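Below is one structure, written out as structure tokens; comments come after it.
Order of listing sets the numbers, starting from 1, for every ligand and every atom in it. Bear in mind that the values here come from a model prediction, so they are computed numbers and not experimental data.
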Amino acid sequence: MALYAVIPAAGIGRRMGGGLPKQYLPLAGEPLLAHSLRALLNCADIRRVAVALHPEDEWAGSLPALADPRVLRVTGGAERADSVLAGLDGLQEFAYEKDWVLVHDAARPCLAARDLQALIDAVTAVDEGGILAQPVVDTLKRAVDGRQVEATVDRHHYWRAQTPQMFRLGELRAALVDALAAGVAVTDEASAMEWAGHPVQLVEGSPANLKVTVAADLPLAEWYLRALNT
Ligand SMILES: Nc1ccn([C@@H]2O[C@H](COP(=O)(O)OP(=O)(O)OP(=O)(O)O)[C@@H](O)[C@H]2O)c(=O)n1
Ligand SMILES: C[C@](O)(CO)[C@H](O)COP(=O)(O)O
């Protein structure tokens, strides 16, 4: 089984604030991206990892993990989906359309090897793409105006998508291109694949695999990282 990976790491971290893009913020002694990248490079099944960097990124040179021979640097785009597409385009020099590719956010540094393997095993066992996700455990409210509850929805039908998200490379690229051209809001790879009519498996992941988005996420991510590495 040929497996490749893409790490979208070209964001600017608006919601985090501060001058340094969040993928380079220190976490347990290393930049956040180093942890996310290492989680993939530690998986021997992954042949190459395309890392999509901001065109004005000035920090990649100081990240030893990016010097790994399996890492391919590409220039990311305006939106996350554009950066993922840039990664897929970069991999086309090495991979075939039928090969598997998984996409993992640089902003998710606490990916456990067992969760990554669980996704790979679930997808390859039935030849159907899938994503790591967490069932919603809080009561869910819908609010159109962001002020007053409009309704309570049944949380048993809702999951919070994580990454990695794993699909056949050619099918994912086509779905992303077509969904973006149709003006679909593509916030993860699965949304494009669903729109294109492909089944998407849910593989239960861990709460530790959080997306570092705002400053309050950093100490929690650091705690999870230390727990992961003990
Ligand atoms: N044009 C973009 C936007 C985001 N990302 C990446 O997609 C992942 C998830 O996106 P998010 O958490 O939204 O990161 P940012 O876009 O940096 O955050 P913000 O929306 O707060 O600016 C991150 O690893 C980010 O670097 C990317 O590669 N290219
Ligand atoms: C891909 C993702 O992490 C799945 O939950 C999420 O959609 C990324 O959203 P963002 O707004 O680009 O951080």
Inset, instruction - Step through the shown structure and confirm whether more than 12 heavy atoms of other residues, nucleotides or ligands are within 6.0 Å of CD on Glu150. - result: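 It does: Glu150 CD has more than 12 such atoms within range.
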Legend entry - Region of Arg15 that comes within reach of ligand 2 [heavy atoms, distance under 4.0 Å]: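 Only the side chain of Arg15 comes within reach of ligand 2.
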Inset, instruction - Measure Arg108 to ligand 2 on non-hydrogen atoms and call it side chain, backbone, both or neither using the 4.0 Å cut-off. - result: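 The side chain, only.
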Legend entry - Cluster link Leu172 to Trp100, ILVMFWY, side chain under 4.5 Å: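 As far as the 4.5 Å side-chain criterion goes, Trp100 and Leu172 are not connected within one cluster.
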Inter-residue atom distance [X].[atom1] - [Y].[atom2], 0.5 Å rounding:
X      : Y      : atom1 : atom2 : answer
Gln23  : Asp105 : CD    : CG    : 10.5 Å
Leu40  : Asp45  : CG    : CG    : 12.0 Å
Gln162 : His104 : CD    : NE2   : 9.5 Å

Inset, instruction - List, ordered by chain and residue number, the protein residues whose closest non-hydrogen atom lies under 4.0 Å from any atom of ligand 1. - result: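 Close residues (ligand 1, cut-off 4.0 Å): Pro8, Ala9, Ala10, Gly11, Ile12, Gly13, Arg14, Arg15, Lys22, Gly77, Ala78, Glu79, Arg80, Ser83, Asp105, Ala106, Ala107, Lys211.
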Legend entry - Sequence-distant partners of Tyr224, ring pair (Phe, Tyr, Trp, His ring centres under 6.0 Å), two or more places apart: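 Scan of Tyr224 (ring pair (Phe, Tyr, Trp, His ring centres under 6.0 Å), adjacent residues dropped) gives none.
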Inset, instruction - Using ring pair (Phe, Tyr, Trp, His ring centres under 6.0 Å) as the criterion, list what pairs up with Trp159, not counting sequence neighbours. - result: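 Testing Trp159 for ring pair (Phe, Tyr, Trp, His ring centres under 6.0 Å), a comparison that skips the adjacent residues, returns none.
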What is the nearest protein non-hydrogen atom to [atom], stated with its residue, atom name and distance?
atom                   : value
atom 9 (O) of ligand 2 : Lys211 CE, 4.0 Å
atom 4 (C) of ligand 2 : Ala161 O, 3.5 Å
atom 6 (C) of ligand 2 : Thr187 O, 3.8 Å

Inset, instruction - For the pair Arg70 (side chain) and Val49 (backbone), establish whether a donor and an acceptor sit closer than 3.5 Å, ignoring hydrogens and angles. - result: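 No; judged by distance alone, with no hydrogens or angles, the pair does not exist.
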Inset, instruction - Check for a donor-acceptor pair, side chain of Asp217 on one end and backbone N or O of Leu220 on the other, with a separation under 3.5 Å. - result: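 Flag not set: sc Asp217 to bb Leu220 has no pair under 3.5 Å.
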Legend entry - Numbering as shown, the atoms of ligand 2 that approach Asp188 to under 4.0 Å (heavy-atom distance):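 Close to Asp188: 1 (C).
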Legend entry - For Asp105, the ligand 2 atoms whose distance to one of its heavy atoms is below 4.0 Å: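 Answer for ligand 2: 1 (C), 2 (C), 3 (O).
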Show the atom names and distances, to 0.1 Å, of all donor-acceptor pairs under 3.5 Å that link a side chain in residues 86-99 to residues at least two apart or in another chain.
residue : atom : partner : partner atom : Å
Asp89   : OD1  : Arg173  : NE           : 2.5
Asp89   : OD1  : Arg173  : NH2          : 3.0
Asp99   : OD2  : Tyr96   : N            : 2.7

Inset, instruction - Indicate yes or no: does an N/O atom of Arg80 lie under 3.5 Å from an N/O atom of ligand 2? - result: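 In fact, backbone or side chain, Arg80 has no N or O that close.
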